[in-house]
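Letters A, B, ... are given to chains in the order of the sequence lines, protein chains preceding strands, and every chain is numbered from 1.
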Amino acid sequence: MTALTELTVERVYEALLNVKDPEIDTVSIFDLGMIGEVTTNGTHVKVVLLPTFLGCPALEIIKKNTINAIKELPEVTEIEVEFTFHPPWTSDRITEKGHQNLRAFGIAPPPRHFKEDGSWHVDCAYCGSTYVTMDNIFGPTACRSILYCKSCKNVFEAMKPVSTNM
Amino acid sequence: MNDSVMSPEYTDAVKNLLFQLADDDFMYSFRGSEWLGLAPHIEADIAYSSISQDTMGHAAMYYTLLENLGAGNADDLAHSRPASDRRNSILTERVNGSGYYLETPHYDWAYAVTRSYFYTQAKKVKIDSLCESSYKPLAEVAVKVRMELYYHRLHWETWFKQLMSSTDVAKKKMNEAIALVVADFGDVFSYGTQKEAIESNGLIGSEEALQEKWKMNIEPLLTSLQVQMPKIPDQPVKNGRNGEHTNDLEEGLTTLSEVYKFESAAVW
Ligand SMILES: [Zn+2]
């Protein structure tokens, strides 16, 4: 007979590492900084997620995938997943590993700093050149922009920086 | 303010303001979505649809706050209320131009840019103020909306600047669009009959203060483009905040509720 391991917050986090962004499947929602809080109470699990953008159509999919990932823990009897806007998600929540994995997907991670006039700069996701132009601040999804690299002549995407002092 | 200690008067004031905010973004987003596939080029099209999608997300948040206050189901509030119950400003309900969007749309891009630029600047002033709202859940949503709004403002300001600095034809069209938009601005900063309740409860800044702030924010750009500062009508011909609307709203609601009735049978 195997005794059930205790349901700890750490084990829930481990399970959540398998939940990827449906639109960027190399990056987990953990590395995107979308996990606000995880609590356990006996066999109950509650996860609070921070949406990146309010109108993001992927949110429902992420919620479903989160529930499914936690269901993999055999001793869980009840799962609660909810979204909150407090604290608000900001792009500096993305982990270093998140930055690496975004680059692996061909997306430049969001820059950490804004210039004084509120604009920002990223280097090319492919060759690292700083010689880039903004093609369209609105990319294929709300959270991404489209840029063009004048060095390697590639079109690439960048994750938009989002901060509370915008 | 905590939900459990809210007086009925306070709750009513919050609900009234939320309906104004939600209906504004909902109609603005709907009119934006009608442009899908029609903007001057692909980048503009992607950007506009992205902005409309964000804005629909903002409206959904306000409707959800209303649902949490017991006003009804958020989806129904968005789709199933008659025109006379709507509290959006006249500006947001106006059609994009003549013609039906599926058949022969003759939409006016100068009008779309001008409406969007002025509306987004007005929204910015309101959102900044809402970040300090006495109603905490609303203040928290506003903080999030503000981050997304930043990109919307950048986009529309760029378009406004470009068209105003373009050919004489473009300038003429833009000036005509400005006249149309300004004529409809009379209720944008109005709270209608709810002015006293909304302002005295510290939910958002006063009509006058916000309108003044808006003028201050757009003045540098307009001056640099040699555009006269708009004279907002003192009294709106119709005040959307009191449920007075044009036929454009009726027509718009019919179109969008057809889609909803059709799709609500399915999951969406
Ligand atoms: Zn490059």
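- Using a 4.5 Å cut-off between heavy atoms, B/H41 makes no contact with chain A at all.
- For A/S91, no part sits under 4.5 Å from any heavy atom of chain B, backbone or side chain.
- With a 4.5 angstrom heavy-atom cutoff, A/S163 touches chain B only via backbone atoms.
- Taking CD of B/E34 as the start and OG of B/S52 as the end, the distance is 10.0 Å to the nearest 0.5 Å.
- The contact between B/A47 and chain A is made by backbone and side chain atoms together, counting heavy-atom distances below 4.5 Å.
- Neither the backbone nor the side chain of B/M56 comes within contact range of chain A; no heavy atoms are under 4.5 Å apart.
- Residues A/K46 and A/E82 meet the side-chain proximity criterion, which asks for heavy atoms closer than 4.5 Å.
- Nearest heavy atom pair, residue A/R93 against residue A/P87, reads NH1-CG, 4.4 Å.
- For a residue to count as touching a neighbouring chain, one of its non-hydrogen atoms must lie under 4.5 Å from one of that chain's; by this rule B/L154 touches chain A with the side chain only.
- The shortest non-hydrogen separation linking A/G106 to A/F156 is O-CB, 4.2 Å.
- At a cut-off of 3.5 Å, with distance as the only test, no side-chain donor of B/D25 or B/T55 sits close to an acceptor on the other residue.
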